[in-house]
Amino acid sequence: ALAQLVADNPAQVQRLKELQVVVHERTALLELISDTFKQSGLAAAQEIIVREKGRKFMQDIRVLEKQMDSAEEKLLAVREADSEHDEVKTLISLLMTLAIAIAGFMTLFSGIRREMTTRAQAEESLRRSEENLAVTLDSIGDAVMATDTQRRITRLNPVAEKLTGWTQAEAAGGLMGEVFHIINEETRQPAVIPVGAVLATGGVHGLDNHTIIIARDGTERPIADSAAPIRGKDGLIVGVVLVFRDVSTERAAQKALRESEARYRTLFDSIDEGFCIIEMIFDEQEKPVDYRFLQINPSFEKQTGLRDALGKRMRELAPQHEA
């Protein structure tokens, strides 16, 4: 509006352009000082104020304002001399010009304040999101590692730190192959990390069987894992998340179970008495009509004469048998 009012006066137009430049520099400096204060504290902000000579901007603004005011006053005097009846009109025009200028400055500073508030809210929202993500990852019982599309580590949770021997600070930015050292348990050769397959296909992939992770201190643990793509809002892959766990306890339990089954089988087969384990077969009225042999020992076969009875029904071996 002010530009329209002084459009017929080239000198005023030039001053207005200069004023806009100075105001822009002043507001940019204010934003810089505000950001520096938030990030580095009062001393750093004061240093910028001294270095950038912020007071000079305000002096320049006042000088230009005075020049514009002076020019308008001279114009008013000329108009008063030309015609007294235009006095009131000219005065009102000048006051409107000043009011618009003040309103423009107020609007400008208000806009800056809103922008700073919006930015602070966005930063707070991001901080809370990061905190929520960190708490979630820390509470997961499995190890979690995330990479970008260049296979560089972006995040580890505490379980992953324990199994790899790398901390988040040490691993961040490193390649997955440097942190996630895995080999085949039987061949002792390097195992294939499924991150590459996920990036290539966009699907979920897991480790081969008999995979061992070797920590930085040389500790070896059998693991099982799966890798899945991380997608952005547009659906494009922005990274990979790898979830793995120590299966040492499961391996030990499976080994103990196999050994227990072997002892049981040895004892069962070596007993002189005939033993068998059967399952009952019922009709629709839940009446037993037959049974099937689930386990039999050699003594049972020898004493009964039933050969190859394992898995068969009694009626198959002896059709006339009563249940």
Side-chain angles (χ1 to χ4, degrees), residues 31-32 34-41 44 48 118-185 188-208 210-248:
E31 185 174 358
L32 174 61
S34 176
D35 291 343
T36 303
F37 176 76
K38 290 181 180 179
Q39 298 174 6
S40 305
I48 292 178
T118 300
R119 180 179 299 179
Q121 291 173 346
E123 292 175 351
E124 177 64 16
S125 178
L126 179 60
R127 184 188 64 79
R128 291 180 179 178
S129 178
E130 285 290 329
E131 287 182 354
N132 291 336
L133 177 59
V135 170
T136 300
L137 290 179
D138 291 351
S139 62
I140 294 176
D142 291 342
V144 179
M145 299 176 63
T147 74
D148 57 19
T149 55
Q150 302 302 315
R151 308 187 191 188
R152 295 191 177 277
I153 302 295
T154 57
R155 189 177 295 275
L156 281 79
N157 73 344
V159 181
E161 290 181 333
K162 178 180 179 181
L163 294 182
T164 63
W166 292 71
T167 65
Q168 168 71 32
E170 294 170 334
L175 292 173
M176 171 64 79
E178 298 174 353
V179 178
F180 191 61
H181 184 198
I182 56 175
I183 64 172
N184 182 279
E185 183 177 12
R188 304 298 294 180
Q189 295 300 311
V192 177
I193 301 175
V195 170
V198 173
L199 292 172
T201 66
V204 178
H205 293 267
L207 286 175
D208 296 331
H210 309 293
T211 299
I212 286 179
I213 186 171
I214 303 178
R216 294 180 76 180
D217 62 1
T219 302
E220 298 185 5
R221 297 182 179 90
I223 61 170
D225 90 330
S226 64
I230 303 173
R231 298 184 182 275
K233 292 182 179 180
D234 55 4
L236 297 178
I237 296 177
V238 297
V240 177
V241 60
L242 183 70
V243 181
F244 56 100
R245 57 191 176 86
D246 183 356
V247 295
S248 300

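Sequence positions, counted from 1, serve as the residue numbers for this chain.
Considering only residues two or more places apart in sequence or on other chains, Arg231 meets the salt bridge (charged side-chain N to carboxylate O under 4.0 Å, His left out) condition with none of them.
Closest non-hydrogen pair, Ala228 versus Val198, comes out as C-CG1, 3.7 Å. Contact between Val179 and Ala171 at its shortest, heavy atoms only, is CG2-CB, 3.9 Å. Nearest heavy atom pair, residue Thr164 against residue Ala160, reads OG1-O, 2.7 Å. Minimum interatomic distance between Gly165 and Glu170 (heavy atoms only, all atoms of both residues): O-OE1, 4.2 Å. Between Ile237 and Leu199, the shortest heavy-atom contact is CG2-CD2, 4.0 Å. Nearest approach of Ile212 to Arg188, heavy atoms of both residues: CD1-NH1, 4.1 Å.
Atom CD of residue Gln150 and atom CE of residue Met176 lie 13.5 Å apart, to the nearest 0.5 angstrom. Taking CD1 from Ile183 and CD from Glu220, the interatomic distance works out to 5.0 Å, rounded to the nearest 0.5 Å. One finds the CZ atom of Arg221 at 14.0 Å from the CD atom of Glu185 (value rounded to the nearest 0.5 Å). Taking CG of Leu175 as the start and CZ of Arg152 as the end, the distance is 4.5 Å to the nearest 0.5 Å.
Between Ile182 and the choices Asp225, Ile223, Ile214, the side-chain contact (heavy atoms from CB on, under 4.5 Å) rule is met once, by Ile223. Across Val195, Ile193, Val241, Leu242, a single residue satisfies side-chain contact (heavy atoms from CB on, under 4.5 Å) together with Thr147, and that is Val195.
Side-chain atoms of Thr154 come within 3.5 Å of backbone N or O of Ala146 as a donor-acceptor pair. In terms of modelled atom types and a separation under 3.5 Å, the side chain of Gln168 and the main chain of Leu156 share a donor-acceptor contact. Under a 3.5 Å cut-off, the side chain of Asp142 and the backbone N or O of Val243 do not form any donor-acceptor pair.
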